[in-house]
Asks: 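Next up is a structure, given as C-alpha cells.
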Amino acid sequence: MRAWLVPLFLLIAACSPQTAQPSPAPAVARQDVHPTSGLAVIPLTITPVTGTPHRFRVEVAQTPEQQEHGLMFRTAMGADEGMIFPYDPPQVVGFWMKNTVIPLDIVFIDSQHRVINVAANAVPYSETTLPSQAPAAAVLELNGGRARQLGVVAGTRIDW
C-alpha cells in the first residue's frame, strides 16, 4: 500500500457516519383521570390551623358543565378523595345537593387558599342553597363529616 493512501484511508474512516443509537422517547407526563367521571385528578393538601397536613386526590370540575354535574348520582367516594371547583375570577357561589346521593362537606376557599366557611354534612337531594360567605376562588367537596374530622375551619390552608 502506498504511504499516501494510509492517511486518506484514516481520514475517510474518521468522516464516515457513525451508527446512531436511537434516542429514548421523551417522557410524557401522565395525567390521572378518575375512572367514573373522566375528570382530571390532582393532589390537594389540607393543612389545619392546628394539626398535621392531610393529602387528598381530587377530581377537577373545570368547565361549567362539569361543575353543574359535580358529584351528582355518585354513590360512594373514598375517604381521601373529593372534587374541587375552581373559579376565576373568585365569586360568591352557592351549592345545592340536587341529585347528590352522599352527604358532603362543602368547603369554600378564597384566593389566598384559605377556608372561608364550611357547609358541613349537606343533606343528600336537598335543593337548599348553601352559599359562600365571601368570593370563592374554589369550592372543595369532601365526604360529609370529613372536614370536622380533620379540623377544617375558617382560615385552614388548602393547596392544590
Asks: Please determine if D80 and R146 form a salt bridge, counting it only when a charged side-chain N lies under 4.0 Å from a carboxylate O.
Replies: yes
Asks: Hey, are the side chains of V60 and L39 touching, using non-hydrogen atoms and a 4.5 Å cut-off?
Replies: no
Asks: Can you tell me how far apart CG (L130) and CH2 (W96) are? Round to the nearest 0.5 Å.
Replies: 11.5 Å
Asks: Kindly compute the distance separating CD (Q91) from OG (S132), expressed to the nearest 0.5 Å.
Replies: 8.5 Å
Asks: Hey, what do you get for CD (Q149) to CG (L142), rounding to the nearest 0.5 Å?
Replies: 10.5 Å
Asks: Quick one: does Q66's side chain have a donor or acceptor within less than 3.5 Å of a partner on P64's backbone?
Replies: no
Asks: Heavy atoms only: give me the nearest T129-G94 pair and the separation to one decimal.
Replies: CG2-CA, 3.7 Å
Asks: Could you state whether V153 and I106 fall into the same hydrophobic cluster, counting links through intermediate Ile, Leu, Val, Met, Phe, Trp or Tyr residues with side-chain heavy atoms under 4.5 angstrom apart?
Replies: no
Asks: Quick check: do I109 and L140 have side-chain heavy atoms less than 4.5 Å from each other?
Replies: yes
Asks: Check this for me: R148, atom CZ, are more than 12 non-hydrogen atoms of other residues, nucleotides or ligands nearer than 6.0 Å?
Replies: no
Asks: With sequence neighbours excluded, tell me which residues meet ring-ring contact (aromatic ring centres under 6.0 Å, His included) with Y87.
Replies: none
Asks: Just by distance, do the side chain of N99 and the backbone of M72 share a donor-acceptor pair under 3.5 Å?
Replies: no
Asks: Please check this pair: side chain of N121 against backbone of G145, looking for a donor-acceptor N/O pair closer than 3.5 Å.
Replies: yes
Asks: Do L71 and I46 sit in the same hydrophobic cluster, where Ile, Leu, Val, Met, Phe, Trp and Tyr count as joined when their side-chain heavy atoms come under 4.5 Å apart?
Replies: no
Asks: State plainly whether the residues R74 and E59 are in salt-bridge range, i.e. N to O under 4.0 Å.
Replies: yes
Asks: Is there a side-chain contact between P124 and T100, using heavy atoms and a 4.5 Å cut-off?
Replies: no
Asks: In the single-linkage hydrophobic clustering (I, L, V, M, F, W, Y; side-chain heavy atoms under 4.5 Å), do M83 and F56 co-cluster?
Replies: no
Asks: Could you check whether any side-chain heavy atom of W160 comes within less than 4.5 Å of a side-chain heavy atom of T45, counting everything from C-beta outward?
Replies: no
Asks: Do you reckon M97 sits in the same ILVMFWY cluster as V93, going by side-chain contacts under 4.5 Å, direct or chained?
Replies: yes
Asks: Just wondering, more than 12 heavy atoms not from E127 lying within 6.0 Å of its CD?
Replies: yes
Asks: In Å, rounded to the nearest 0.5 Å, how long is the span from CD of Q67 to CZ of F85?
Replies: 7.0 Å
Asks: Take L44 and I84 through the test side-chain contact (heavy atoms from CB on, under 4.5 Å) and record every step on the way to the result.
Replies: CA-CA 9 Å; L44 177 139; I84 193 159; 3.8 Å; yes
Asks: Apply the test side-chain contact (heavy atoms from CB on, under 4.5 Å) to residues V139 and V107: give CA-CA distance (whole Å), side-chain angles for both, the deciding distance (0.1 Å), then the verdict.
Replies: CA-CA 6 Å; V139 176; V107 182; over 6 Å; no
Asks: I'd like to check the side chain to side chain donor-acceptor pair (under 3.5 Å) partners of R157; sequence neighbours left out, ordered by chain and number.
Replies: D159
Asks: Could you tell me which non-hydrogen atom of P86 sits nearest to which non-hydrogen atom of A61, and how far apart they are?
Replies: CD-O, 3.3 Å
Asks: To the nearest 0.5 Å, how far apart are CD in Q62 and CG in D88?
Replies: 9.0 Å
Asks: Would you say D105's side chain and A147's backbone share a donor-acceptor pair under 3.5 angstrom?
Replies: yes
Asks: At what distance, to the nearest 0.5 angstrom, does NE2 of H69 lie from OG1 of T63?
Replies: 11.5 Å
Asks: Give a yes or no answer on whether the side chain of N143 reaches the backbone of G78 with a donor-acceptor pair at less than 3.5 Å.
Replies: yes
Asks: Would you kindly confirm whether I158 and L150 end up in one hydrophobic cluster when ILVMFWY residues are joined by side chain heavy atoms under 4.5 Å apart?
Replies: yes
Asks: Between V41 and V33, is any pair of side-chain heavy atoms under 4.5 Å apart?
Replies: no
Asks: Quick check: do P43 and R57 have side-chain heavy atoms less than 4.5 Å from each other?
Replies: yes
